[in-house]
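The structure appears right after this line, and notes come after that.
Computed from a predicted model, the values in this text were never measured in an experiment. Just the heavy atoms: all of them, side chains too, but no hydrogens, waters or symmetry mates, feed the values below.
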Amino acid sequence: MKITDLMIQETMIMDLKAVTKEAAIDELIASLAASGRINDQVLFKEMILKREAESSTGIGGGIAMPHAKTKAVNEPTVVFAKSSQGVDFEALDGEAAYVFFMIAAPEGAGNTHLRTLAALSRLLIDTEFIAQLMNTKTPGEVTALFDSKQAVEEAAKAEKEAAKRREAAKKESEKAPESDVTSESDPMKVDGTSDAFVVAVTACPTGIAHTFMAEDALKKKAQEMGVEIRVETNGSEGAQNVLTEEEIRRATGVIIAADKNVEMARFNGKPVLQRPVSDGIRKSEELIRKAMSGDAPIYRSEGGGESQAMDAEKGSIGTKVYKDLMNGISHMLPFVVGGGILLAISFLIEQLAGDNHPLFQLLQTIGGGDGAFHFLIPVLAGFIALSIGDRPALMPGMVGGLMALNSNSGFLGGLAAGFLAGYVVILLRKVFAGLPKALDGLKPILLYPVVGLLVTGTIMFYLFDPFFSWINLGLIDILNNLGTGNAVILGLILGGMMSIDMGGPFNKAAYAFAIGVFTSSGNTNGAMMAAVMAGGMVPPLAIALATTFFKHKFTEQERKSGVTNYVMGLSFITEGAIPFAAADPLRVLTSCILGSAVAGGLTQLWSINVPAPHGGIFVAALANHALLFLLAVLIGAVISGLLLGLWKKPLERK
């Protein structure tokens with residue numbers, strides 16, 4: 001398949017008008033929409049911006065490649081655009097971007113399409129080719145240039161394959177030992193006399209552009225340096241040219257140029273450089289030199305988890321703590337939702353048939369303190385510990401969380417147990433580092449778990465459990481005795497936090513606080529749950545109302561998406577508002593935060609208690625003041641919807 005089969009001339013923009021990054025993205029998306037290649041501009045832009053948030057697709061050298069793989073795409077398409085004045089695309093080299101390729105791939109893109117997109121990405125490493133593109137005047141010239149370049153590349157590849165076959169046949173006839181280089185999956189021999197051999201893995205979240213650009217950049221630089229290299233790509237089609245055990249064993253060093261997780265345990269004991277995929281494109285020489293010299297942390301994969309040998313460029317302490325905390329919360333949430341919904345149903349049955357009904361007792365057992373909810377704090381603590389100390393820390397963390405659950409130190413004690421167990425295992429690695437090599441196999445399966453459990457359990461029993469029990473019980477007492485004014489302020493804060501990032505750290509922090517209060521009270525104190533649930537229901541409902549009553553300010557696709565937000569809002573799925581927030585963050589977020597804060601504050605003003613951690617309108621009947629709860633949500637949604645509708649500018653008529 002030719003690259004130009006995806007690069008439609010009618011979508012090309014030969015003189016991009018935008019001068020800012022977001023305006024450039026909007027102009028490129030508009031071209032896709034006008035040609036019918038996408039079906040949901042809002043969703044597509046959300047996915048483009050999500051990819052940009054991970055790392056800029058302004059790869060440097062005057063090139064930007066915003067891309068997304070989503071159901072919003074009807075047909076695989078590449079939009080080519082040029083800008084004469086340049087756009088600050090937050091490029092990796094700090095320079096303006098002049099050439100743009102917006103890649104739109106559907107969720108079910110076939111292998112042929114994905115391979116074609118990979119071929120496009122590799123061409124963009126050629127600076128001479130980019131200069132030729134800049135000199136094109138018409139879409140026809142762009143198409144002709146790509147067809148010519150791809151033909152040359154395919155001819156060179158065919159000649160290379162033929163040369164390999166001739167060499168293999170010659171060696172076979174001479175009965176010489178078989179060469180290591182017989183197929184695409186074999187190492188690329190650049191200089192047969194060089195002892196340096198480097199292996200690499202490239203991967204980006206979408207796997208349709210940067211993965212292959214990094215691969216090509218590393219290969220070309222290695223060829224210039226006379227270094228033998230093998231590159232495994234982890235793209236949309238999965239892992240390709242997978243590294244063998246023998247190749248990893250004889251490699252001087254390993255380069256991981258990736259923005260997503262790749263299989264790491266196989267590199268245990270090797271010098272491993274872990275960098276963003278963009279470094280594979282722009283800093284290929286630096287990475288190869290460091291890998292050749294072994295100038296990298298030694299990867300240790302005890303227990304099969306992630307590396308303890310992190311590159312210096314990996315991020316701040318705050319980022320690491322947040323990542324560890326979110327790992328615990330994300331694994332805990334399925335227990336919250338599953339157990340919470342069953343609990344909510346059981347409460348409804350209790351109201352209709354009494355607490356002696358067999359179905360009530362069954363659902364209470366499955367979802368409540370003897371079932372799913374019994375695991376909340378242990379799972380939270382265990383997976384925080386796993387994120388920090390890998391698999392050997394999982395069991396000590398979960399046991400520490402269970403001790404927190406049984407000692408009334410609750411949610412706070414579980415948080416402490418997770419971080420404690422994780423860092424205890426890291427400390428034990430240092431303590432046992434001097435043991436004989438013969439004992440290495442015992443460390444992850446015996447020494448770390450057993451000693452880690454003993455140390456974690458002892459500290460929890462004598463120090464953390466009493467301390468956090470005192471704090472937890474004191475917090476519950478304060479909450480139970482809050483005056484109306486203070487309770488309303490807390491409700492305002494929690495409700496507003498639910499809309500700040502709609503599923504991000506602030507949202508999760510507010511929700512986790514409410515869950516902690518709820519579980520610590522024996523699943524009865526749902527005052528804070530009422531505030532966060534009301535606050536979380538407001539954003540999608542506000543979007544739905546705004547798109548319904550201010551139709552002239554939203555596109556047809558936005559109005560269609562707005563209808564689905566009625567269902568999401570009523571179901572307490574805040575994330576339904578994210579596409580609108582991504583497209584217009586100032587107006588949407590400001591409006592939603594104000595409405596959510598009002599809704600959260602009203603739940604406390606009216607002393608509403610919702611004894612269920614999830615469910616939205618479907619558990620409203622459980623509230624002590626069900627109608628007031630619904631009224632609080634409605635008031636917050638109307639405030640946000642009106643603010644957004646009045647603030648948003650009408651669509652420009654074409």
Search all heavy atoms of I384 against all heavy atoms of F419 and return the closest pair with its distance. CG2-N, 3.7 Å
Check whether any side-chain N or O of T547 sits under 3.5 Å from a backbone N or O of A544 as a donor-acceptor pair, and report yes or no. yes
Donor-acceptor pair, S35 side chain versus L32 backbone, under 3.5 Å? yes
Any donor-acceptor pair under 3.5 Å from E27 side chain to K17 backbone: yes
When you measure from the side chain of E52 to the backbone of T57, do you find a donor-acceptor pair of N or O atoms at a distance under 3.5 Å? yes
Do I493 and F513 have side chains that approach each other closer than 4.5 Å (heavy atoms only, starting at C-beta)? no
Please assess L631 against H625 for the test side-chain contact (heavy atoms from CB on, under 4.5 Å), listing each intermediate value before the final yes or no. CA-CA 10 Å; L631 181 60; H625 304 297; over 6 Å; no
When rounded to the nearest 0.5 Å, the distance separating CZ of F550 from OG1 of T548 is 10.5 Å
Hey, does the side chain of Q604 reach the backbone of G491 with a donor-acceptor pair shorter than 3.5 angstrom? no
Within the side chain of N609, is there an N or O that forms a donor-acceptor pair under 3.5 Å with the backbone of N624? no
Is there a side-chain contact between D465 and N406, using heavy atoms and a 4.5 Å cut-off? no
Non-hydrogen side-chain atoms of L570 and L541 separated by less than 4.5 Å: yes
R37 side chain reached by F44 side chain, heavy atoms, under 4.5 Å: no
Taking the side chain as every heavy atom from C-beta outward, state whether I13 and F100 have any atom pair closer than 4.5 Å. no
Walk me through it: do M398 and V379 pass the test side-chain contact (heavy atoms from CB on, under 4.5 Å)? CA-CA 6 Å; M398 293 193 74; V379 167; 4.2 Å; yes
Non-hydrogen atoms of C592 and S499 that approach each other most closely: O-OG, 3.5 Å
The test is side-chain contact (heavy atoms from CB on, under 4.5 Å); show your working for T456 and V399 and say whether it passes. CA-CA 9 Å; T456 300; V399 174; over 6 Å; no
Below 4.5 Å, heavy atoms only, C-beta onward: do F572 and I617 meet side chain to side chain? no
More than 12 heavy atoms from other groups under 6.0 Å of NZ on K50: no
Heavy atoms only: give me the nearest A546-L644 pair and the separation to one decimal. CB-CD2, 4.0 Å
Please step through side-chain contact (heavy atoms from CB on, under 4.5 Å) for the pair V532 and M497, ending with a clear verdict. CA-CA 8 Å; V532 300; M497 288 175 68; over 6 Å; no
Tell me the closest heavy-atom pair linking M529 and Y511, and the distance in Å. CE-CE1, 3.8 Å
Between E22 and K45, is the closest basic N to carboxylate O distance under 4.0 Å? yes
If you round to the nearest 0.5 Å, how far is OG of S407 from CZ of F464? 12.0 Å
How far does CZ of R559 sit from NZ of K553, to the nearest 0.5 angstrom? 13.5 Å
Closest heavy-atom contact between T603 and A530? CG2-O, 3.7 Å
So, does N39 use its side chain to make a donor-acceptor pair with the main chain of K71 at under 3.5 Å? yes
Closest heavy-atom contact between L394 and F383? CD1-N, 4.3 Å
Side-chain heavy atoms of S640 within contact of P539, under 4.5 Å: no
Between atom OG1 of T590 and atom CD1 of I500, what is the distance when rounded to the nearest 0.5 Å? 11.0 Å
Between H374 and L402, is any pair of side-chain heavy atoms under 4.5 Å apart? yes
Tell me whether S31 contacts the main-chain N or O of T11 through its side chain, where contact means a donor paired with an acceptor under 3.5 Å. yes
Considering residues, nucleotides and ligands other than L586, do more than 12 of their heavy atoms fall under 6.0 Å from its CG? yes
State the CZ-NZ distance between F89 and K21, to the nearest 0.5 angstrom. 5.0 Å
Rounded to the nearest 0.5 Å, what's the gap from CD1 on I593 to CG on L492? Could you check? 13.0 Å
